[in-house]
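What follows is a short report on a single structure.
Below, read A as the first sequence line, B as the second, and so on, with proteins coming before strands; counting in each chain starts at 1.
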2 protein chains.
Amino acid sequence: MGENIESCSCNIIHEDVVRRVRKKIPREETLIDLAELFKIFGDSTRIKIICALFVSEMCVCDIAALLKMNQSAISHQLRILKQARLVKFRKEGKVVYYSLDDNHVQQIFDCGLAHINHK
Amino acid sequence: MGENIESCSCNIIHEDVVRRVRKKIPREETLIDLAELFKIFGDSTRIKIICALFVSEMCVCDIAALLKMNQSAISHQLRILKQARLVKFRKEGKVVYYSLDDNHVQQIFDCGLAHINHK
DNA sequence: TTAACATATGAACACATATTCATATATAAA
DNA sequence: TTTATATATGAATATGTGTTCATATGTTAA
């Protein structure tokens with residue numbers, strides 16, 4: 001017994017609980033992916049960008065102006081949002097317009113907001 | 001016009017859009033709080049702890065055994081979760097049992113999970 | 001072509017943060 | 001009291017990350 005339970009400095013107090021929980025939780029990869037997703041929402045610049053795109057598609061320059069940040073910082077953050085497939089873009093000449101690429105984004109945002117407002 | 005729009009290196013392309021978005025988005029403090037909340041979910045150790053506590057209340061030692069991490073690391077993360085009022089605890093002798101302190105936690109978790117599973 | 005502009009991107013830097021180690025605190029058992 | 005155990009916590013360290021700067025890319029206008 002307990003072949004997976006030896007790498008912490010303390011004794012097991014409730015081995016049954018540990019085993020039961022281990023069986024019920026999603027597999028590690030899923031939880032890591034989930035943390036990665038929330039990490040993307042966990043930066044105020046990215047949250048502001050996401051929130052802005054709820055209202056309207058915007059070009060990089062507009063977002064920079066809105067947030068009073070330089071264009072490079074916004075581009076870097078947009079790249080992260082793009083890689084996570086949370087935003088999509090279309091090009092029109094020199095200008096690149098970004099918009100949201102996932103319906104779940106609003107849901108996740110609203111879930112969090114409900115928590116904030118409820119306190 | 002444009003008294004708030006001068007701190008980025010590029011010209012304004014769609015001043016009307018920027019103004020409209022600025023009026024509609026929540027105030028900055030709210031968005032910062034929201035990012036702080038998601039940041040807490042954005043770490044795999046904390047997500048695993050939260051997920052485990054959906055199943056059962058657990059003591060520190062059990063969580064450490066479950067995640068195969070040392071007790072100190074778990075205590076530090078529990079402190080962060082406690083400060084965010086996401087978990088609560090009860091003491092029973094030497095043992096401290098942690099459990100979830102907020103109904104929204106499950107909702108937020110599920111929202112994120114739905115996104116992960118939908119891809 | 002040349003110049004101007006919107007955006008992207010690599011490197012550097014500063015700062016945040018997760019884990020570990022050592023140790024403190026608190027409680028129970030001997 | 002002494003010892004053992006569960007948990008908490010400060011310091012140190014290593015790693016991650018957001019922003020800036022310089023510059024590259026790509027497109028439009030002159």
Exercise. Are B/Val55 and A/Leu31 in one and the same hydrophobic cluster, where Ile, Leu, Val, Met, Phe, Trp and Tyr link if side-chain heavy atoms are under 4.5 Å apart?
Worked result: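 Yes, B/Val55 connects to A/Leu31 through the hydrophobic network.
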Which heavy atom in [X] sits nearest to a heavy atom in [Y], and how many Å separate them?
{"X": "B/Phe38", "Y": "A/Phe109", "value": "CZ-CA, 4.3 Å"}
{"X": "B/Arg85", "Y": "B/Asp102", "value": "O-CB, 4.2 Å"}
{"X": "A/Arg22", "Y": "B/Leu66", "value": "NH2-O, 3.0 Å"}

Problem set entry | Residue closer to the 5' end of DNA chain D, B/Lys82 versus A/Lys91 (nearest nucleotide) |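 Result of the comparison: B/Lys82.
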Roughly how many Å is it from [atom1] in [X] to [atom2] in [N], rounded to a whole number?
{"X": "A/Ile13", "N": "D/dA4", "atom1": "CD1", "atom2": "C1'", "result": "13 Å"}
{"X": "B/Ile40", "N": "C/dA16", "atom1": "CD1", "atom2": "P", "result": "16 Å"}
{"X": "B/Glu92", "N": "C/dA26", "atom1": "CD", "atom2": "C1'", "result": "15 Å"}
{"X": "B/Gln83", "N": "C/dA18", "atom1": "CD", "atom2": "P", "result": "12 Å"}
{"X": "A/Phe89", "N": "D/dG26", "atom1": "CZ", "atom2": "C1'", "result": "13 Å"}
{"X": "B/Glu57", "N": "D/dA6", "atom1": "CD", "atom2": "P", "result": "16 Å"}
{"X": "B/Lys68", "N": "C/dT19", "atom1": "NZ", "atom2": "C1'", "result": "18 Å"}
{"X": "B/Ile63", "N": "D/dT7", "atom1": "CD1", "atom2": "C1'", "result": "12 Å"}

Mind listing the side-chain donor-acceptor pairs of residues 92-101 of chain B below 3.5 Å, one per line with the distance, residues two or more places apart or on another chain?
from	atom 1	to	atom 2	distance (Å)
B/Glu92	OE1	B/Arg90	NH1	2.7
B/Tyr97	OH	A/His14	NE2	3.0
B/Tyr98	OH	B/Lys82	NZ	3.4

Exercise. Does B/Ile32 sit in a hydrophobic cluster with other residues, and if so which ones, taking ILVMFWY side chains as linked at heavy-atom separations under 4.5 Å, directly or through other members?
Worked result: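 Grouped by the 4.5 Å side-chain rule, B/Ile32 forms a cluster of one, so the answer is none.
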Exercise. Who pairs with A/Gln83 by side-chain contact (heavy atoms from CB on, under 4.5 Å), at least two apart in sequence or on another chain?
Worked result: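 In terms of side-chain contact (heavy atoms from CB on, under 4.5 Å), with neighbours along the sequence ignored, A/Gln83 is linked to A/Arg79.
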Problem set entry | Pairs flagged by salt bridge (Lys or Arg N to Asp or Glu O under 4.0 Å) wherever residues 40-52 of chain B is involved - sequence neighbours left out |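 Qualifying pairs, neighbours excluded: A/Glu28-B/Lys48.
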For this session: Between protein and nucleotides 16-24 of chain D, map the contacts as a letter string: B base, S sugar-phosphate only, - none, heavy atoms under 4.0 Å, written 5' to 3'.
Result: -SSBBBB--
Exercise. Can you find a pair of side-chain heavy atoms, one from B/Leu37 and one from B/Ile108, that are under 4.5 Å apart?
Worked result: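 When only atoms from C-beta onward are counted, B/Ile108 and B/Leu37 do touch, with a gap below 4.5 Å.
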For this session: Identify, residue by residue, the members of residues 93-101 of chain A with a heavy atom below 4.0 Å from DNA chain C, and return them in order of residue number, or none.
Result: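 Within this stretch, A/Lys94, A/Val95, A/Val96, A/Tyr98 sit under 4.0 Å of the strand.
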